[in-house]
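This one's a predicted model, so the numbers in the text were calculated from it and none came from an experiment.
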Amino acid sequence: MDIESELSHLLRRTEPPPGFAERVLTRIDVEHRRPRRRGPARALAAAALIAIALGGWGLHVTLRARDEVMTAMRIASQKVAHAQREVRGVSR
Amino acid sequence: MTAIADAECAVEDTLRRAQHGDHDAFAAIISDYQGVVFGIAYNFFPHRALAEEIAQEVFLQLYRNIAAIHSPPHLLYWLRQVTSRKCIDEMRRSGPRRVNLDDLEIAVTPRLIDPLIARRLRELIAALPDMQRLILTLRYQEELGPADISRIVGMPENTVKSYLHRALTALRKEFGGDRGH
């Protein structure tokens with residue numbers, strides 16, 4: 001038996017299990033914090049986050065508007081009270 | 001241009017693009033060379049999970065150092081050298097590893113007449129001293145001569161020749177003696 005010939009066939013280049021390149025690239029992305037394109041699932045998640053953010057911004061705007069209305073009402077009531085005092089002073 | 005020259009230009013182009021941050025180009029490099037890297041690690045250990053772990057580490061290291069690679073031949077040399085050194089480092093770190101015979105996956109090819117012979121040969125290779133096994137892998141998997149192997153493993157050429165001779169002698173003796181039963 002030609003052992004060197006057997007060794008050439010036995011000790012040949014061997015492919016790793018399927019998905020090897022993907023696993024390496026995932027580790028690279030994690031270590032270097034690089035976002036990767038992941039297709040529809042990732043796009044849906046991003047859309048959900050945007051929707052939540054917009055909803056949150058909408059709530060922020062609503063609350064701010066409410067605060068401004070309350071401030072305006074407070075100022076208006078102060079002016080009304082002042083006007084009433086003036087009227088009482090004139091009527092005496 | 002010849003087909004070989006075209007192929008070399010394509011690899012050179014892929015390497016340049018990877019060096020400029022092209023992720024797809026780096027993925028192509030992994031696909032092109034994973035057989036070399038995983039093969040060296042698997043023929044050295046042979047344990048698929050450990051071989052993959054080492055192979056992943058090699059490509060991660062390549063990613064960090066790809067700017068230092070100046071040509072496709074240099075890339076191949078670098079991959080062989082780093083993989084070899086990681087195999088030796090792992091062996092030194094973890095100590096002698098008992099080979100699980102169930103892990104010895106022997107692919108039956110048309111060339112191999114008897115898979116039992118192939119399995120026995122695998123067992124004998126796994127029992128060789130580490131450097132003999134590594135040098136044997138580089139010689140027969142990568143078809144390298146002693147001079148190239150000596151540069152990769154950082155050992156004098158005559159030492160490489162001596163290790164190779166010892167490994168082949170041991171295999172011929174054990175295998176020939178085995179078949180005599």
Side-chain angles (χ1 to χ4, degrees), chain A residues 1-69 71, chain B residues 21 23-24 26-44 46 48-49 51-52 55-60 62-64 105-107 109-114 117-119 121-122 124-125 133 136-143 167-169 171-172 174-176 179:
Chain A
M1 186 189 73
D2 181 0
I3 198 158
E4 293 195 64
S5 178
E6 293 295 335
L7 288 171
S8 292
H9 288 279
L10 194 65
L11 297 178
R12 60 190 179 278
R13 290 181 179 179
T14 307
E15 289 295 310
F20 173 79
E22 183 70 20
R23 290 189 288 279
V24 173
L25 294 170
T26 298
R27 284 187 65 179
I28 288 172
D29 291 336
V30 168
E31 288 187 11
H32 295 269
R33 295 181 188 169
R34 183 181 184 281
R36 292 192 67 201
R37 298 188 303 269
R38 288 229 187 257
R42 186 88 168 190
L44 282 173
L49 282 173
I50 291 171
I52 292 169
L54 286 174
W57 176 248
L59 179 62
H60 168 76
V61 169
T62 302
L63 291 173
R64 189 183 172 100
R66 183 201 68 181
D67 291 343
E68 287 177 352
V69 166
T71 301
Chain B
H23 223 233
D24 291 335
F26 191 79
I29 287 175
I30 296 174
S31 294
D32 288 345
Y33 292 95
Q34 62 186 23
V36 175
V37 174
F38 182 83
I40 292 173
Y42 182 68
N43 285 325
F44 183 78
R48 278 194 173 268
E52 168 150 357
Q56 286 192 18
E57 290 294 328
V58 170
F59 282 107
L60 285 170
L62 175 65
Y63 184 82
R64 292 189 285 268
E105 299 172 28
I106 309 297
T109 70
R111 175 62 182 78
L112 291 176
I113 300 171
D114 189 343
I117 294 175
R119 183 183 175 90
L121 197 50
R122 271 279 190 202
L124 294 172
I125 292 169
R133 190 163 70 255
L136 208 68
T137 297
L138 292 172
R139 170 70 185 91
Y140 291 100
Q141 176 187 308
E142 295 299 301
E143 299 179 347
L168 289 173
T169 301
L171 290 176
R172 287 191 180 107
E174 291 294 328
F175 202 81
R179 296 195 66 200

Enquirer: Please test A/His9 against B/Tyr140 for side-chain contact (heavy atoms from CB on, under 4.5 Å), starting from the C-alpha separation and ending with a verdict.
Expert: CA-CA 8 Å; A/His9 288 279; B/Tyr140 291 100; over 6 Å; no

Enquirer: Could you tell me whether the side chain of B/Phe38 reaches within less than 4.5 Å of the side chain of A/Pro17, counting heavy atoms only?
Expert: yes

Enquirer: Between atom CD of B/Gln34 and atom OG1 of A/Thr14, what is the distance when rounded to the nearest 0.5 Å?
Expert: 11.0 Å

Enquirer: Working to the nearest 0.5 angstrom, can you tell me the gap between B/Arg119 CZ and A/Leu10 CG?
Expert: 12.0 Å

Enquirer: For residues A/Arg23 and B/Ile30, determine if any side-chain heavy atom of one lies less than 4.5 Å from a side-chain heavy atom of the other.
Expert: no

Enquirer: Only pairs of heavy atoms separated by less than 4.5 Å count here; which of B/Ser31, B/Gly35, B/Gly39 has the most with chain A?
Expert: B/Gly35

Enquirer: Look up atom CD1 in A/Ile3 and atom CD in B/Glu174, then write down how far apart they are to the nearest 0.5 Å.
Expert: 10.0 Å

Enquirer: Can you tell me how far apart CD (A/Glu31) and CG (B/Leu60) are? Round to the nearest 0.5 Å.
Expert: 5.0 Å

Enquirer: Supply the atom-to-atom distance A/Arg12 CZ to B/Asn43 CG, rounded to the nearest 0.5 angstrom.
Expert: 8.5 Å

Enquirer: Is B/Glu143 salt-bridged to A/Arg13, going by a charged N under 4.0 Å from an acidic O?
Expert: no

Enquirer: Could you grab the distance from atom NE2 of B/His23 to atom CD1 of A/Ile28, nearest 0.5 Å is fine?
Expert: 5.5 Å

Enquirer: Counting heavy-atom pairs closer than 4.5 Å to chain A, which one of B/Ile40, B/Ile125, B/Val36, B/Thr137 comes out on top?
Expert: B/Val36

Enquirer: Is chain A contacted by the side chain of B/Leu121, its backbone, both, or neither, given a heavy-atom distance below 4.5 Å?
Expert: both

Enquirer: Identify which part of B/Leu136 has an atom lying under 4.5 Å from any heavy atom of chain A, answering side chain, backbone, both or neither.
Expert: both

